[in-house]
Structure formats: structure tokens, C-alpha cells
Amino acid sequence: MDPAELAAQLLDVVRAEAAAAGADPESIVPEDVPVERPRDRDHGDWATSAALKLGKRIGRNPREFAQAIAEALASREGIAEASVAGPGFVNIRLEAAAAGALAARILEEGEHYGRGTLFDGVTINLEFVSANPTGPMHLGGARWAAVGDSLARVLDAQGALVTREYYFNDHGAQIDRFARSLVAAHRGEPTPEDGYGGSYILDIAARVEVDYPGDLDALPREQQQETFRELGVGLMFDEIKASLHEFGVDFDVYFHEDSLHESGKVQHAVDRLRELGHIFEADGATWLRTTDFGDDKDRVVIKSDGEGAYISGDLAYYLDKRERGFDRCLIILGADHHGYVQRMMAMCAAFGDTPHVNLEILIGQLVNLVREGEPVRMSKRAGTIVTMEDLVDAVGVDAARYALVRSPIDTSIDIDLDLLAKRTNDNPVFYVQYAHARTRAVARNAAEAGVDRSAFEPALLDHPTETALLGRLADYPRVALQAAELREPHRIARSLEELAGDYHRWYDACRVIPLGEEPIGDVHRTRLALNEATSQVLRNGLGLLGVAAPERM
RNA sequence: GCCCCCGUAGCUCAAUGGAUAGAGCAACGGCCUUCUAAUCCGUAGGUUGCAGGUUCGAAUCCUGCCGGGGGCGCCA
């Protein structure tokens with residue numbers, strides 16, 4: 001029996017009890033009768049706080065109500081025991097056979113176990129990273145790469161049609177500064193006041209010199225800068241793409257901001273908003289009346305010099321995404337951009353869309369670099385950045401991705417490269433990966449010893465570590481669903497760590513391959529199924545994180 | 001000044017409004033002639049920043065304060 005079946009039984013029972021108390025059974029919805037994993041395993045396999053939640057509503061004392069639920073539940077098939085505890089919790093213990101049957105189901109469903117239908121058929125555009133091509137990928141970008149890619153997988157597992165998109169900002173003043181820095185490097189001049197330092201500028205400048213077929217110094221200054229801009233941005237972008245690919249993150253669409261301006265999409269978006277009556281002219285500029293939609297001030301869309309303001313690109317980009325047919329547009333932004341959320345939502349509403357539904361912005365906190373306990377200020381311009389490549393070199397792709405995806409995005413995280421490089425064992429990714437490698441070792445040894453899966457007797461899976469392991473496996477689909485609902489892939493990682501712990505404890509207590517002269521029995525064959533089911537769920541979960549599930553370690 | 005995020009074990013961090021707040025690392029003590037000891041078992045470690053409030057129940061929600069980070073342009 002899995003939680004969904006138990007929940008159905010529970011709802012049935014609670015509705016009957018509610019009716020007996022004179023309440024309308026249909027007023028009781030599944031959300032009122034949660035099936036939870038008790039924190040303390042001694043309390044049972046599952047628990048519900050339904051009596052506490054509903055007691056007042058239907059006018060019954062919670063403990064008495066819980067007692068009635070427990071009694072009705074205990075007589076149901078597959079349930080070994082149901083009892084009342086504390087202020088009105090109902091603790092439920094399943095029969096071993098009912099709990100153990102899950103192992104067979106997981107093996108049947110294979111890589112589909114844990115997938116859901118929350119976003120069936122919904123088209124989602126997930127934009128993340130979108131770092132400016134003015135320098136290599138830094139730690140912050142690496143965090144969004146890890147989180148964004150994992151979130152895409154988590155949403156996909158709920159049936160969504162996800163497009164991973166990178167907004168490539170190749171238009172505007174920052175790019176100009178980048179180009180001027182390259183020119184300065186080329187000429188051996190010092191870095192311009194507002195330019196970018198760092199050795200990578202010298203590298204890129206040198207590569208532009210090699211790539212350019214003609215004589216750079218024969219070009220007029222303006223054209224020279226334009227050449228450095230075009231080639232330099234291209235090189236930088238290729239480098240970013242390569243780093244991301246190395247990191248296991250590939251995008252479906254790399255969207256160039258320049259194309260918005262060149263193709264008239266900015267004008268199209270402004271025209272559309274004008275039709276809707278949200279545009280006005282003042283002080284020689286064109287404005288969007290975002291204050292009608294909750295923004296604290298109106299925003300300039302077209303500056304008085306005729307150039308589009310930054311937001312004009314966002315307008316055009318958002319409209320373009322919607323016109324490409326995406327139901328939902330998700331954007332992961334760093335905390336340094338949180339000030340844009342309000343105006344972006346206002347913009348979304350101005351187009352007639354629903355903020356936080358058609359457009360959703362996830363604000364992630366920053367990654368701090370720490371060295372010997374002291375924070376190190378990272379600055380692209382000063383060249384004191386730690387790149388994604390540095391991180392990968394220090395700890396490897398799996399450990400890096402895992403470390404970045406294992407925390408909720410609204411907490412800032414500290415990365416100490418020296419620490420990670422020295423003591424890579426303190427990264428829990430190895431704990432989880434080791435559990436998977438162990439399942440494979442057991443499988444290999446079982447095959448050699450002649451333990452097969454010709455029998456499956458779930459009632460034999462009655463050891464406490466087996467009950468615990470099965471409960472965790474049963475809980476996995478709920479975690480996957482929750483990760484998608486809350487856009488929190490870190491929940492997958494945390495859950496896998498718990499699963500790995502349950503597996504290691506089971507491994508320690510229950511043998512798949514008999515010892516010595518002991519004959520192979522159905523208990524061993526059945527345990528092999530549990531081993532394979534655990535292996536499958538670990539693979540599925542690590543797959544959602546984009547972290548490898550090794551055969552050996 | 002206003003806005004957003006955070007404050008939990010020595011460290012890094014978890015925890016749908018639920019029961020005795022949990023993991024990993026670090027510390028200390030145990031288990032390998034047995035499917036991988038990167039495992040497992042045990043000990044120690046806490047006024048969940050502070051003060052109120054909401055309720056059967058608060059780390060979680062509300063208010064105020066303290067501390068840390070970030071943001072508030074016709075920059076991008």
C-alpha cells in the first residue's frame with residue numbers, strides 16, 4: 001500500500017465518521033486528511049492529523065474523533081494497527097505484505113516511479129543563468145545553472161514541457177565597457193575607469209587578434225572597438241556555453257537581446273501596450289504606466305534619446321515568450337535583481353496576463369566566497385572572481401552541482417574552495433552516490449551467487465530497517481511533487497540523503513546473499529527486489545539533480 | 001529612509017502550522033577472516049537572535065526590535 005491508497009482509505013473513513021457526527025461528508029477534501037511520515041519512526045509507518053484539523057469544524061473532540069478514525073481504519077485490509085497519540089494524531093502501521101508490495105511496483109514503473117501529472121501538457125519556459133558575456137561564469141552563475149537545470153528536470157517529471165532558455169545580454173553599456181576593455185588590453189593601455197580587469201580580458205583580446213583576418217590597427221578607432229566587441233562577445237559566449245556544457249547544463253534556446261531590438265520586437269511590444277492604453281509620453285520619453293499594476297513608479301520604456309531603456313528588452317522578451325506559446329514563464333534571478341520583480345509583474349499584468357502564474361520570478365540569494373573563514377569580495381571588474389571552472393576543478397562536477405542544489409535558493413551559501421578541496425568527504429553527495437554504488441555491488445554479487453527474483457514474498461520484508469526503507473521509498477513521489485509545486489529541487493537532495501541512510505542501515509542488518517551454508521530462500525529473492533527498488537529510486541532522484549549514479553566507487 | 005532574503009548544535013545546513021527541532025562534518029567511544037568500513041552503532045552538543053501576539057499546537061504565521069546580506073537610476 002502506498003500513501004495514495006492509504007490516503008484514499010483514510011478519506012473514506014473520515015467522511016463516514018464526519019457523516020456520523022452530522023457533517024456533510026463532501027465538505028471534507030483530501031487536503032483535510034494528510035498522510036504524513038511521523039518524525040519518530042516508533043510512532044508508526046504513517047500518521048494523520050486529520051482529527052486535529054477537523055475536530056473543531058465538525059464539532060467533535062479531537063481525541064474522540066481520532067479514536068473513531070483509528071478503530072475504523074484498523075479493520076481495513078493491509079492495516080496492521082491504528083492508534084491515537086498525543087492531542088489527536090492517528091498513527092498507522094501497515095502489514096508487512098501491504099508495505100512490501102511497493103518494491104514490486106517500483107520495479108514495474110522503473111524510471112517512471114516518482115513522476116507525476118501536476119503539469120501535464122503545460123508549456124514552461126524556464127530562464128536561468130543569463131549571465132552577461134563580459135566574463136567567465138562565476139560561482140553565482142554556477143548556482144543558477146545547477147538549480148535551474150535541476151528544476152527543469154523536476155518540472156519535466158510532472159509532465160511539463162520545459163524549454164531551458166538563456167537570455168544572452170549582448171546589447172548595451174556593459175558590453176561597450178567590455179569592448180573598451182579589450183581594446184585597451186590590445187593597445188597595452190590600462191583598464192578603463194569603468195572597464196573590466198582580470199587576466200581573461202588579456203586572453204580574449206589576444207584571441208581576437210588571432211581570429212581577425214585583417215590588420216586591427218588599420219581600423220578606425222570606432223570600428224576597431226566594434227570588431228573587438230563582436231568577436232570578443234562571441235568568444236566569451238562560446239566559453240560560457242562550453243563551461244555550462246562541461247557542467248552538464250545545456251540550453252534549448254540561447255536568446256540574443258540584440259535580436260529583440262533588430263527585429264522590431266521592442267516596437268511590437270510597445271505598440272501592443274499602447275493599444276491596451278498603458279503607454280504615455282512625457283519629458284520626451286515614452287513611459288509605461290506600471291503604477292496601475294502595483295509598481296511604485298512608472299517606468300521609462302523609450303528614453304528621450306530614442307534608445308530603448310533596459311525594461312524595453314524585458315517587455316519584448318516576455319511578449320515574445322508568450323507569443324511562442326508558453327503558458328508559464330519562469331525566471332531565476334539573483335538577489336541583486338529583486339528590485340525588478342515588481343515592475344516585471346506590473347508589465348505582465350499590463351499585457352493582460354496574470355502575475356505569478358504566467359510570469360513567475362524566483363529570487364535566489366547569492367553565493368559568497370569564503371577563504372579561511374573570511375569572506376572574499378568577488379568582483380568581475382577587479383578580476384577577483386572564482387569561476388565555475390575553478391569550482392569544478394576543485395571538487396568535480398557532481399560534488400559541485402550537488403553542493404549548489406542542496407540548499408533552498410532563498411538562503412545565501414558560503415563556498416570555501418580550500419575546504420571543499422581538502423575534505424571532499426564532507427559533501428553528502430558521496431553518501432548518496434555510495435549508497436547507489438552499493439546497490440549495484442549487491443546486485444552483481446547476487447547474480448554471481450545465484451540469488452534471482454523468481455520469488456517475491458513481501459510479507460517477508462518485516463525487519464524494522466525494511467519497514468523504514470519501504471516507507472521512505474513510498475514517500476519519494478510526494479517529495480518529487482512537492483519539489484515541483486514549491487520550485488524547490490533541494491528537497492530531492494535532502495530526501496535522497498535520508499533514503500541513503502535508510503538503505504545503509506538496512507544493508508547492515510539484512511543480507512541479500514545468504515551467509516556460508518545457508519540456502520538461498522525466498523527472503524533473499526525478495527530482498528533483492530527491495531535492493532533493486534532502492535537502486536531505482538536513488539537513480540531517479542539523482543537524475544532529477546543532474547548528478548551521476550555510479551556503478552562503482 | 002523604503003523594499004527583499006537570512007538568523008536553528010562548534011561548522012555547513014534541514015524541518016506542509018504538528019508529537020521529544022533533525023542530518024552531515026568536526027569531537028569522543030565502539031563494530032571488519034561476512035553482499036563495498038566513503039557504511040553502521042553509541043556519547044556529547046540547542047532559550048530555533050530578542051520581546052510580544054495569533055491557536056489545541058509556532059523554528060514556521062503577525063507586530064516591534066537587534067544583527068548579517070542584497071536592492072532601490074531616462075545604468076544594464
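None of these values were measured; they are calculated from a predicted model. Order of the sequence lines sets the chain letters (A, B, ...), proteins ahead of strands, with each chain counted from 1.
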Paired to B:rU39 by Watson-Crick or G-U wobble criteria (both distances under 3.5 Å) is none
Scanning both residues in full, the closest heavy-atom pair of A:Leu107 with A:Ala529 reads CD1-O, 3.7 Å
Among B:rG69, B:rG73, B:rC6, the one nearest any side-chain atom of A:Lys297 is B:rG73
In terms of side-chain geometry, is the basic nitrogen of A:Asp502 or A:Arg472 positioned less than 4.0 Å from the acidic oxygen of its partner? yes
| Between B:rC75 and A:Lys303, is there an OP1 or OP2 to side-chain N/O distance shorter than 4.0 Å? | yes
Per the glycosidic torsion and the 90° limit around 0, nucleotide B:rC32 is syn
Mate of B:rA23 across any strand shown (Watson-Crick or G-U wobble, both atom pairs under 3.5 Å) is B:rU12
Exercise for review: State plainly whether the residues A:Asp508 and A:Arg505 are in salt-bridge range, i.e. N to O under 4.0 Å.
Suggested key: no
Closest to the side chain of A:Pro34, out of B:rC74, B:rU16, B:rC13, is B:rU16
- prompt: Just checking A:Ala285: base, sugar-phosphate only, or nothing, at a heavy-atom cut-off of under 4.0 Å?
  reply: base
Using Watson-Crick geometry (N1-N3 plus N6-O4 or O6-N4) or G-U wobble (N1-O2, O6-N3), each under 3.5 Å, B:rC72 is paired with B:rG1
message = Please tell me if A:Thr411 has a side-chain N or O lying less than 4.0 Å from either OP1 or OP2 of B:rA14.
response = yes
Original post:
Taking N and O atoms by type only, does the side chain of A:His338 place a donor or acceptor under 3.5 Å from a partner on the base of B:rC72?
Top reply: no
Readout for nucleotides 31-36 of chain B: B = base within 4.0 Å of protein heavy atom, S = sugar-phosphate only, - = neither; 5' to 3' it is ---BBB
Output yes when A:Arg539 and A:Glu532 qualify as a salt bridge under the 4.0 Å nitrogen-oxygen rule, no when they do not.
no
Looking only at B:rC5, B:rC75, B:rA19, the nucleotide nearest the A:Asp410 side chain is B:rC5
**Message:** Check A:Arg177 with A:Glu193, please: is the shortest side-chain N to carboxylate O separation under 4.0 Å?
**Reply:** no
Original post:
In whole Å, what separates the C1' atom of B:rC50 from that of B:rA59?
Top reply: 14 Å
Of A:Gln482 and A:Tyr310, the one whose nearest nucleotide on RNA chain B sits closer to the 5' end is A:Gln482
Between the CG atom in A:Leu6 and the CG atom in A:Leu11, the distance rounded to the nearest 0.5 Å is 11.0 Å
Decide yes or no, distance alone: a donor-acceptor N/O pair under 3.5 angstrom between the base of B:rC6 and the side-chain of A:Ser412. no
Of the listed B:rC40, B:rC75, B:rC5, the closest approach to the A:Gln365 side chain comes from B:rC5
Ion pair A:Glu518/A:Arg511, N-O distance below 4.0 Å: no
Note: contacts of residues 483-503 of chain A with RNA chain B (heavy atom, under 4.0 Å) are A:His490, A:Arg491, A:Arg494
RNA chain B nearest-nucleotide lookup for A:Arg406 and A:Gly86: closer to the 5′ end is A:Arg406
Taking the basic N atoms (NZ, or NE/NH1/NH2) and the acidic carboxylate oxygens, is any pair closer than 4.0 Å for A:Asp194 and A:Arg180? yes
Student check: side-chain heavy atoms of A:Trp287 and A:Ile279 closer than 4.5 Å: no
Note to self: Centroid distance below 5.5 Å plus an interplanar angle below 30 degrees: do A:Phe89 and B:rA19 meet both conditions?
What the structure shows: yes
In terms of heavy-atom contacts, A:Ala51 and A:Phe65 come closest through CA-CD2, 3.7 Å
The Watson-Crick or G-U wobble partner of B:rG67, with both key distances under 3.5 Å, is B:rC6
(Q) So A:Leu52, base contact, sugar-phosphate only, or nothing? Heavy-atom distance under 4.0 Å. (A) base
